[in-house]
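The block underneath contains the structure these notes are about, expressed in structure tokens.
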Amino acid sequence: MKAFTYYMPAKVIFGRNCIIENKEAFLGLGKKALIFTGRHSAKANGSLKDVEDALDAVGIGHVLFDEVEENPSLETLEKAAAIGKKEGADFVIGIGGGSPMDAAKGASFLIANDGMTAEMLMQEGSYRHVPIVEVATTAGTGSETTQYAVFTLHKQGTKNGAVQKAFADVAFLDAKYTESLSDKVTVNTAIDALTHLIEGYTSKKSNFLGDLMAEDGMRIFAECIPAIRELKFTPEIREKLILMSTIAGIVIAQAGTSLPHACGYMPTYEKHIPHGRANAIFTRAYLELFPDQTKTNNILRILGFNSLEELNGFFKEVLEPREEFTEADVERYTDALMATPGKLALHPYPLTREDIYGLYKKSLILY
Ligand code: NAP
Ligand code: FE
């Protein structure tokens with residue numbers, strides 16, 4: 001069997017009212033928390049109040065930074081960390097979607113290291129961080145169980161994953177917070193999580209333990225397919241979706257994402273395509289690339305589709321129609337991706353320009 005390392009140190013606490021019922025989980029992390037949220041949702045869905053009540057009940061202080069924007073910038077991290085330091089915060093709590101959860105991860109380094117700037121998160125170096133708690137209120141990124149954080153770099157006009165990586169100490173998953181998500185966001189983020197499962201399962205770094213998780217995650221996704229088709233998201237389905245998304249986070253924490261994520265980046269940036277849908281566009285042609293179709297067949301069997309065409313048909317049915325792309329787009333995206341070989345590194349077979357061109361051409365024009 002292939003050698004592997006499996007590391008996922010976050011304590012995952014799942015279930016209705018899990019924050020209040022497990023408030024002791026905050027003990028020992030610090031004396032005062034810097035809490036990260038976006039501007040509105042954490043106040044509206046009850047997650048912020050639950051965290052504040054739990055901290056009050058166990059005698060831990062807290063200060064709120066509620067200005068995390070979508071795709072948080074390095075500037076936001078610096079602003080938040082300055083407040084945290086001034087207030088004497090010694091651990092962080094991210095409440096929300098990937099944006100506040102990632103902001104909390106980034107700031108955990110800035111608080112721990114005097115003189116560290118947010119730009120240093122994007123560079124090599126060995127830095128400590130203060131303890132991190134994450135409360136997921138979307139079911140898609142899996143940031144609560146990954147070591148990754150993604151930030152907007154305004155100076156470079158782009159987004160990038162931080163080089164400095166940190167797992168949460170504790171991840172709380174209470175699906176009731178996700179009940180306020182719109183149908184569209186629910187579907188797009190669920191498909192993002194599915195593509196994490198598929199890409200982690202087929203990545204060069206996939207391994208025995210991660211594959212067990214990926215297969216179970218896909219089984220849970222399959223149970224949600226009728227609800228996704230009918231847009232009927234009961235509390236039970238919401239629980240399944242957040243669990244599936246966290247499992248997908250655990251999978252990509254080990255194995256990373258692969259070509260659909262890499263291919264989707266430029267079209268998303270240029271045409272503002274939601275991230276989950278962008279990944280879905282490339283999934284059929286990506287899975288067709290494998291000379292050995294064993295894992296593709298497992299994916300189809302677990303999800304309950306007879307062919308990749310049927311899987312692609314499901315994506316088309318539940319996601320918005322694909323944008324128009326030209327041959328020139330295909331050439332440009334192919335050149336850009338070939339110029340960043342790191343983004344191709346997790347594919348288990350060597351790839352030629354023809355492979356990548358074909359992947360873009362089929363996904364953006366033919367399929
Ligand atoms: P998000 O950017 O955190 O939030 C998107 C929107 O959803 C915001 O307007 C937010 O409102 C709202 N929202 C959040 N929870 C809600 C709820 N329960 N009900 C209603 N509205 C809610 O969305 P996301 O898709 O979860 O995260 C995207 C970010 O994560 C990106 O920056 C992406 O690059 C990053 N990402 C990270 C990883 C990782 O492993 N770390 C993986 C993939 C993506 P408020 O602003 O008011 O909260
Ligand atoms: Fe993703």
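Indexing begins at 1, ligand by ligand and atom by atom, following the structure's order.
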Checklist entry - Just wondering, more than 12 heavy atoms not from Glu124 lying within 6.0 Å of its CD? => result no

Item to check | Phe208 atom CZ, neighbour heavy-atom count above 12 within 6.0 Å | outcome: no

Is ligand 1 under 4.0 Å from a heavy atom in the side chain of [X], in the backbone, in both, or in neither?
| X | answer |
| --- | --- |
| Arg39 | backbone |
| Thr146 | side chain |
| Asn71 | both |

Checklist entry - Once you round to the nearest 0.5 Å, how far does OG1 of Thr145 lie from CZ of Phe167? => result 8.0 Å

Checklist entry - How long is the gap from CG on Leu308 to CD1 on Ile299, to the nearest 0.5 Å? => result 8.0 Å

Checklist outcome for this item: The NE2(His196)-the Fe ion (ligand 2)-NE2(His275) angle, to 10°, is 170°

Checklist entry - Is there a donor in the side chain of Glu69 and an acceptor in the side chain of Thr76, or the other way round, less than 3.5 Å apart? => result yes

Within 45° of the ring axis of [Y] and under 6.0 Å from its six-membered ring centre, is that where the NZ or CZ of [X] lies?
| X | Y | value |
| --- | --- | --- |
| Lys271 | Phe325 | yes |
| Lys343 | Tyr265 | yes |
| Lys165 | Tyr148 | no |

With atoms numbered from 1 as shown, which atoms in ligand 1 lie under 4.0 angstrom from a non-hydrogen atom of [X]?
| X | result |
| --- | --- |
| Val150 | 34 (O), 37 (C) |
| Gly38 | 45 (P), 46 (O), 47 (O), 48 (O) |
| Pro100 | 3 (O) |
| Gly97 | 3 (O), 26 (O) |
| His40 | 47 (O) |
| Thr138 | 14 (C), 15 (N), 26 (O) |
| Tyr177 | 17 (C), 18 (N) |

Can you tell which of [options] gets a heavy atom nearest to [atom]?
| atom | options | value |
| --- | --- | --- |
| atom 30 (O) of ligand 1 | Ala162, Gly98, Ser143 | Gly98 |
| atom 37 (C) of ligand 1 | Thr137, Leu181, Asp102 | Asp102 |
| atom 20 (C) of ligand 1 | Ala136, Ser99, Ser180 | Ser180 |
| atom 11 (O) of ligand 1 | Ser41, Ala42, Ala139 | Ser41 |

What is the nearest protein non-hydrogen atom to [atom], stated with its residue, atom name and distance?
| atom | result |
| --- | --- |
| atom 44 (C) of ligand 1 | Thr141 CG2, 3.6 Å |
| atom 34 (O) of ligand 1 | Lys159 NZ, 2.9 Å |
| atom 4 (O) of ligand 1 | Glu70 CG, 4.2 Å |

Salt-bridge criterion met for [X] and [Y] (N-O under 4.0 Å):
| X | Y | result |
| --- | --- | --- |
| Glu331 | Arg353 | yes |
| Arg332 | Glu270 | yes |
| Arg16 | Glu239 | no |
| Glu236 | Lys240 | no |

Checklist entry - Can you name the N/O/S atom of Asp192 that is nearest the Fe ion (ligand 2)? => result OD1

Item to check | Of the N, O or S atoms in His261, the one nearest the Fe ion (ligand 2) | outcome: NE2

Checklist entry - Within the structure, does Tyr148 bring an N/O atom to less than 3.5 angstrom of an N/O atom in ligand 1? => result yes

Next on the checklist: Checking the N or O distance criterion of under 3.5 Å, is ligand 1 in contact with Asn45?
Outcome noted: yes

Item to check | Phe221: which of Asp216, Ile302, Ile198, Ile228 passes side chain to side chain contact (heavy atoms under 4.5 Å, CB included) | outcome: Ile228

Item to check | Criterion side-chain hydrogen bond (donor to acceptor under 3.5 Å, both in side chains) on Asn71 and Thr152, from CA distance to verdict | outcome: CA-CA 6 Å; Asn71 309 305; Thr152 297; 5.3 Å; no

Item to check | Ala44 to ligand 1, any heavy atom closer than 4.0 Å | outcome: no

Item to check | Exercise check, heavy-atom protein proximity under 4.0 Å to atom 7 (O) of ligand 1 | outcome: no

